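Since the structure comes first, as structure tokens, the remarks are kept for the end.
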Amino acid sequence: MFVNDCLSVNDQGHLTIGGCDTLKLAEEFGTPLYVLDETTIRNTCRAYVNSFKKYYGGNGMPLYASKVLSCKELCRIANEENLGLDVVSGGEIYTAVQAGFPMEKVHFHGNNKTADEIRYALDVNIGKFVVDNLYELELLNRICEEKNKTANISFRIKPGVDAHTHNFIRTGQIDSKFGFALETGEAFEAVKKALTYDNVCLKELHCHIGSQIFDIDPFVTAAEIMLDFMGKIKDELGVVISELNLGGGFGIMYTKEDEPVPYEEYMEKVSVAVKAKAAEHNLPVPYIYIEPGRSVVGEAGITLYTVGGKKEIPDVRTYVSIDGGMTDNVRYALYQSAYTVVNADKADKEPDEIVTVAGKCCESGDLIQEHTKVASVEVGDTLAVLSTGAYNYSMASNYNRIPRPAMVMVKDGEARVIIKRESYEDLVKNDI
Ligand SMILES: *Cc1c(COP(=O)(O)O)cnc(C)c1O
């Protein structure tokens with residue numbers, strides 16, 4: 001019935017998640033409310049880990065891209081499920097440290113790591129720096145020298161693969177702020193340079209071709225291009241790089257129009273290509289990393305809102321106003337992202353009313369979805385927006401001084417708070 005496995009409808013016609021009645025969750029914890037289903041998250045993690053066993057003989061590891069939802073509980077779950085972690089800032093490193101995450105399994109990304117962040121990452125013995133550019137390489141080597149340390153590094157490479165997705169979240173081609181271009185020879189020069197530095201050790205190459213991708217082909221092509229590059233490095237420089245990171249980007253279902261590829265199929269096809277190319281270049285099959293983010297938590301999450309008003313503008317549209325908006329889910333305002341909206345009070349009813357769901361911020365563009373079909377909405381109803389586990393809380397803001405919502409984790413009919421709702425006091429705590 002729903003795109004998300006963790007959702008169902010109970011006898012009263014209410015939407016449920018992880019066995020919990022969403023109306024009861026809204027009443028107990030207030031709205032807006034982020035809700036995550038733990039079983040879905042853990043099952044997804046296990047599917048990734050198991051497919052590494054199946055297709056790479058365990059010679060690889062999924063890294064959870066924590067930018068999609070960074071909080072202590074997610075770090076703990078990723079660790080319990082044997083995933084490593086990607087971080088992109090000092091704040092995400094700090095979150096992992098606070099959660100007791102094993103830092104040797106953490107990879108540090110980003111196109112402008114500051115000197116302070118680099119020092120902090122070295123102090124907590126982070127596993128790997130994914131170096132984005134030559135300034136960073138030089139800076140990292142210099143700071144390592146100061147600290148008398150050696151950093152394990154990876155290079156972020158632009159393989160030039162065009163994955164068909166929204167422009168704003170496309171990162172594989174030459175025109176990207178991320179990484180070294182292959183075609184121009186920039187990446188090869190960077191490898192040569194790294195070999196001359198004493199305090200960095202080049203262990204891995206990395207690529208990430210985009211996000212919300214539904215085809216397997218671009219992933220296969222990117223893997224082949226990366227292995228060809230590893231072959232060139234071996235042939236021309238006599239150096240074998242033994243680890244390859246193929247990034248994230250696996251698409252999920254936001255609406256029934258989305259058709260994600262089963263992860264198994266992706267893992268299998270890519271592993272076949274990796275092994276064939278390794279053999280062709282006479283290279284050992286590299287240790288493989290992938291970096292799923294959205295696909296780990298996206299479909300596991302929903303957001304609950306209370307409808308506070310309704311404006312029917314004849315011959316134009318009907319606005320339904322909710323008690324959250326772009327402050328807790330900016331993705332429609334940012335990239336016109338599609339979402340499924342469900343009237344949680346009437347989840348057993350056919351959607352029969354076309355509405356525009358509007359947030360409460362002082363911005364006309366503060367919309368969650370336009371012209372979407374839901375079961376007739378009345379003031380006081382609880383609306384659920386589905387597949388909000390990724391890039392919602394992590395992109396939330398305090399615009400209009402709206403406190404960020406709480407997040408609860410549900411499992412087998414039980415709910416627990418994993419992130420507290422912000423208070424007004426929290427909002428002014430740094431004001432002088
Ligand atoms: C954003 C990002 C990811 C995660 O992408 P998803 O589409 O959420 O899976 C992985 N790796 C890198 C380098 C990223 O920037």
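Here the structure is a predicted model, which is why all the values come from computation and not from measurement. Whatever order the structure lists ligands and atoms in, that order sets their numbers, starting from 1.
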For ligand 1, find each of its N or O atoms that sits under 3.5 Å from a protein N or O atom, and tabulate the pairs with distances to one decimal place.
| from | atom 1 | to | atom 2 | distance (Å) |
| --- | --- | --- | --- | --- |
| ligand 1 | 7 (O) | S211 | OG | 2.3 |
| ligand 1 | 7 (O) | G249 | N | 3.4 |
| ligand 1 | 8 (O) | R294 | N | 2.8 |
| ligand 1 | 8 (O) | Y391 | OH | 2.7 |
| ligand 1 | 9 (O) | G249 | N | 2.9 |
| ligand 1 | 9 (O) | G293 | N | 3.0 |
| ligand 1 | 11 (N) | E291 | OE1 | 2.7 |
| ligand 1 | 15 (O) | K67 | NZ | 2.6 |

| Evaluation steps, salt bridge (Lys or Arg N to Asp or Glu O under 4.0 Å), between E291 and K67 | CA-CA 11 Å; E291 302 172 318; K67 72 171 184 218; over 6 Å; no
Discussion item. Walk me through whether H109 and H208 qualify under ring-ring contact (aromatic ring centres under 6.0 Å, His included).
Written reply: CA-CA 11 Å; H109 277 276; H208 171 72; 8.0 Å; no
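Using a 4.0 Å cut-off between charged nitrogen and carboxylate oxygen, E189 and K193 do not count as a salt-bridge pair.
Taking CD of E145 as the reference point, atom OG1 of T150 lies at 10.0 Å (rounded to 0.5 Å).
If you check the side chains of K149 and N125, you find a donor sitting under 3.5 Å from an acceptor. In the model, Y399 has a side-chain atom that pairs as donor or acceptor with a side-chain atom of E363 under 3.5 Å.
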